[in-house]
Amino acid sequence: MRLSHYPIQTTKETPAEAEIVSHQLMLRAGLIRRLAAGLYSWLPMGLRTLRKAETIIREEMNRAGAFEVLMPVVQPAELWQESGRWGKYGPELLRLKDRHQRDFVAGPTHEEVITDIARRELKSYRQLPVNFYQVQTKFRDEIRPRFGVMRAREFVMKDAYSFHADEPSLEAGYRLMHETYTRIFTRMGLDFRAVRADSGPIGGDVSQEFHVLASSGEDAIVFSDGDGYAANMEAAEALAPAEARPAPGEPLQKVPTPGAKTIEAIAKLLGVPPQHCLKTLLVEGDGEGDAAVVALVIRGDHELNATKAQHLPGVAAPLRMAGAERIHQATGAEAGFIGPVGLKCRIYADHSALAVADFVCGANEKDMHLTGVNWDRDIQGYVAADLRNVVEGDPSPSGQGRLKLARGIEVGHIFQLGRKYSDALKALVLDESGREVTLLMGCYGIGVTRVVAAAIEQNHDERGIIWPEPLAPFQVVLVSLGAQKAPQVRETADRLYGELTAAGIEVLYDDRDARPGVKFADAELLGIPHRLVVAERGLAAGRLEYRHRRESESVEFPADEALSFLRARIGH
RNA sequence: CGGGGUGUAGCUCAGCCUGGUAGAGCACUACGUUCGGGACGUAGGUGUCGCAGGUUCAAAUCCUGUCACCCCGACCA
């Protein structure tokens with residue numbers, strides 16, 4: 001492709017709207033343009049990369065025996081009513097009416113449609129297992145779209161759905177997708193981790209997320225340095241401390257703590273470390289009276305894990321903190337002075353909070369705290385639970401090593417759905433003995449547009465993008481310098497362009513009448529892996545210049561060996 | 001949804017406080033010089049100052065409303 005005729009506009013200045021580096025670089029390199037909040041157009045250069053990602057995904061899905069389909073973006077409300085999600089899905093679901101006032105949705109995902117296909121097409125266990133996938137546009141009306149295509153409202157997703165007659169088959173299909181995703185992200189040249197995700201009350205290892213590691217990632221992920229354990233923060237288990245709790249050594253005392261509503265303030269005021277202060281969070285319960293709130297007690301230096309909390313019996317899901325009125329009703333005090341002593345509501349205490357003796361907590365009385373508090377002696381009827389986020393250095397739940405924290409960008413999610421949709425939509429097949437059985441389902445997503453952004457987030461420098469080679473829009477950028485006044489430069493570059501292209505190499509030929517600085521800067525901003533420079537200087541000696549985007553020094557080589565030289569570099 | 005902020009040329013922004021002929025840089029067009037790391041000169045085109053009302057002799061500027069966009073928050077008492 002000749003750059004002189006390629007519709008692309010790069011900019012030196014960073015657009016004000018872009019906060020993270022991938023968004024900035026995608027705009028500066030002219031890969032995408034914003035149409036409205038969370039809606040982006042892909043321009044030719046950007047689309048080439050998006051297609052590369054799609055192609056890798058398709059090849060690996062096909063290799064795994066999945067079948068590509070294409071389902072409608074617009075879906076009838078009836079299907080969503082049938083699955084129950086019409087009522088449950090919040091404002092993220094874009095609802096539309098057609099001219100006949102019939103309700104439709106812009107599909108945020110396609111479980112309903114694929115299950116409808118399955119119940120029509122699948123009649124016998126002999127047709128199973130089967131995996132259908134598509135690469136298609138989704139719409140989710142995000143509260144706050146941001147970070148460009150990283151969290152857009154409209155985005156391209158590869159979604160796959162597998163159907164099985166029994167659990168072992170579902171598990172095998174799930175494992176196959178795990179392998180397939182690993183192949184996909186490996187082929188893309190990304191540094192990624194598969195982590196356990198929150199699998200809900202069902203339990204078991206049925207949901208995993210694939211994260212591209214990047215310091216700017218929105219998600220906290222956790223992994224062990226001593227074994228294979230990896231999970232996202234929501235799902236990462238905090239073990240109970242191994243050491244036994246010391247015996248009570250102090251009497252229970254009430255002390256005035258005027259205005260000290262935070263752990264930090266109390267720790268400072270009373271001169272105790274935060275881990276000896278326990279904080280009591282009141283959340284809404286799922287009942288009336290004493291069951292209207294639930295108390296959660298964690299150590300002052302720990303954070304509540306909302307996902308864990310909302311799975312506890314008696315806690316309303318989704319988790320909501322109790323309002324000031326509820327807090328007053330349940331404790332007689334206000335937030336900041338709450339403690340577990342004397343509470344009538346259900347009390348859950350985090351394992352690590354239970355290991356503390358002679359601790360400080362709120363007195364359930366304004367401007368008062370208790371010191372020398374002890375479990376069992378002063379508080380009874382509590383239940384031990386895992387309530388907190390793990391912290392760096394916690395022991396690995398699977399036994400070996402300590403936990404480390406990292407940031408990740410979720411680019412894939414695989415899930416054993418079970419019968420949730422097949423039950424609701426009555427997707428059944430006949431088994432070997434002629435009995436009707438409900439299909440088991442797995443679903444597997446990859447955010448294709450997000451993968452592109454994540455690749456940049458992980459691979460860039462101050463000059464621009466550094467594409468992993470499998471995702472680069474072009475493999476080679478061929479730069480001619482001074483072609484206007486040196487005909488042999490133009491001739492050589494033209495000939496090289498023809499030869500390399502004929503050899504099947506994707507070449508972006510910068511034949512523009514621009515100054516060297518402009519050409520180099522654009523080549524680096526665009527992140528093309530291999531750069532070939534044709535200039536009068538080297539050509540006089542019969543030499544060309546090569547440089548990889550990741551390297552800082554160029555190398556020269558004989559001009560007539562260009563093809564073999566490049567082939568060796570590209571591995572083509 | 002709550003709080004904060006911004007809307008002026010294709011882009012980045014100044015001008016607004018203190019009302020008086022709409023600006024700079026980048027980008028774009030032409031010509032000339034330049035040519036191995038985002039050149040320079042000359043000339044040129046470019047605007048419903050987000051939109052609607054209001055105040056005023058006069059509004060980008062003041063007032064009211066409205067729309068759009070951005071940021072923070074919406075668990076950590």
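The partner of B/G73 is B/C1, judged by Watson-Crick or G-U wobble contacts that both fall below 3.5 Å. The partner of B/A68, taking Watson-Crick or G-U wobble pairs whose two distances both stay under 3.5 Å, is B/U6.
Heavy-atom contacts from other residues, nucleotides or ligands closer than 6.0 Å to NZ of A/Lys97 number more than 12. Other residues, nucleotides and ligands place no more than 12 heavy atoms under 6.0 Å from the CD atom of A/Glu288. For CD of A/Glu250, the number of neighbouring non-hydrogen atoms (other residues, nucleotides, ligands) closer than 6.0 Å is greater than 12.
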Under-3.5 Å N/O pairs linking protein and nucleotides 75-77 of chain B:
{"unit_1": "B/C75", "atom_1": "N3", "unit_2": "A/Leu304", "atom_2": "O", "d": "3.3"}
{"unit_1": "B/C76", "atom_1": "O2'", "unit_2": "A/Lys279", "atom_2": "NZ", "d": "2.7"}
{"unit_1": "B/A77", "atom_1": "O3'", "unit_2": "A/Lys261", "atom_2": "O", "d": "2.8"}
{"unit_1": "B/A77", "atom_1": "O2'", "unit_2": "A/Lys261", "atom_2": "O", "d": "3.1"}
{"unit_1": "B/A77", "atom_1": "O2'", "unit_2": "A/Gly336", "atom_2": "N", "d": "3.1"}
{"unit_1": "B/A77", "atom_1": "N6", "unit_2": "A/Leu282", "atom_2": "O", "d": "2.9"}

Atom pairs under 3.5 Å, N or O on each side, protein against nucleotides 9-13 of chain B: can you list them with distances?
{"unit_1": "B/U12", "atom_1": "OP1", "unit_2": "A/Ala16", "atom_2": "N", "d": "3.4"}

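When each of A/Arg28 and A/Pro145 is assigned the nucleotide of RNA chain B with its nearest heavy atom, A/Arg28 is the one assigned upstream, toward the 5' end.
In the set B/G38, B/C70, B/A27, B/G38 carries the atom at the smallest distance from any side-chain atom of A/Val518.
The side chain to side chain contact (heavy atoms under 4.5 Å, CB included) search around A/Asn232 returns A/Val195, A/Ala197, A/Glu209, A/Ile221, A/Glu234, A/Ala235, not counting sequence neighbours. Partners of A/Arg463 by side-chain hydrogen bond (donor to acceptor under 3.5 Å, both in side chains), not counting sequence neighbours, listed by chain and number: A/Glu524.
Geometrically, A/Arg450 does not engage A/Phe155 in a cation-pi contact defined by less than 6.0 Å to the ring centre and at most 45° from the axis.
Classification of the A/Tyr89-A/Trp80 ring pair by plane angle, with boundaries at 30° and 60°, yields perpendicular. Relative orientation of the A/Trp375 and A/Phe359 rings is tilted, given thresholds of 30° and 60° on the angle between their planes.
A salt bridge links A/Glu334 to A/Lys261: at least one charged side-chain nitrogen sits closer than 4.0 Å to a carboxylate oxygen. A salt bridge does not link A/Arg146 with A/Glu19: none of the charged nitrogens is closer than 4.0 Å to a carboxylate oxygen. Contact check on A/Asp350 versus A/Lys308 returns no salt bridge, with no Lys/Arg side-chain nitrogen under 4.0 Å from an Asp/Glu carboxylate oxygen.
Listed by residue number, there are no residues of residues 341-356 of chain A with a heavy-atom contact under 4.0 Å to RNA chain B.
One interatomic measurement links the two molecules: CD of A/Glu142 to P of B/C70, which rounds to 13 Å at whole-angstrom precision.
The gap from the C1' atom of B/G20 to that of B/A59 amounts to 10 Å, rounded to the nearest Å. Taking atom C1' on both B/U42 and B/G38, the two are 22 Å apart, rounded to the nearest angstrom.
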Once each nucleotide of nucleotides 29-36 of chain B is scored for protein heavy atoms under 4.0 Å, what B/S/- sequence comes out, 5' to 3'? -----BBB
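Side-chain N/O atoms of A/Arg146 and base N/O atoms of B/G73 include no donor-acceptor pair closer than 3.5 Å.
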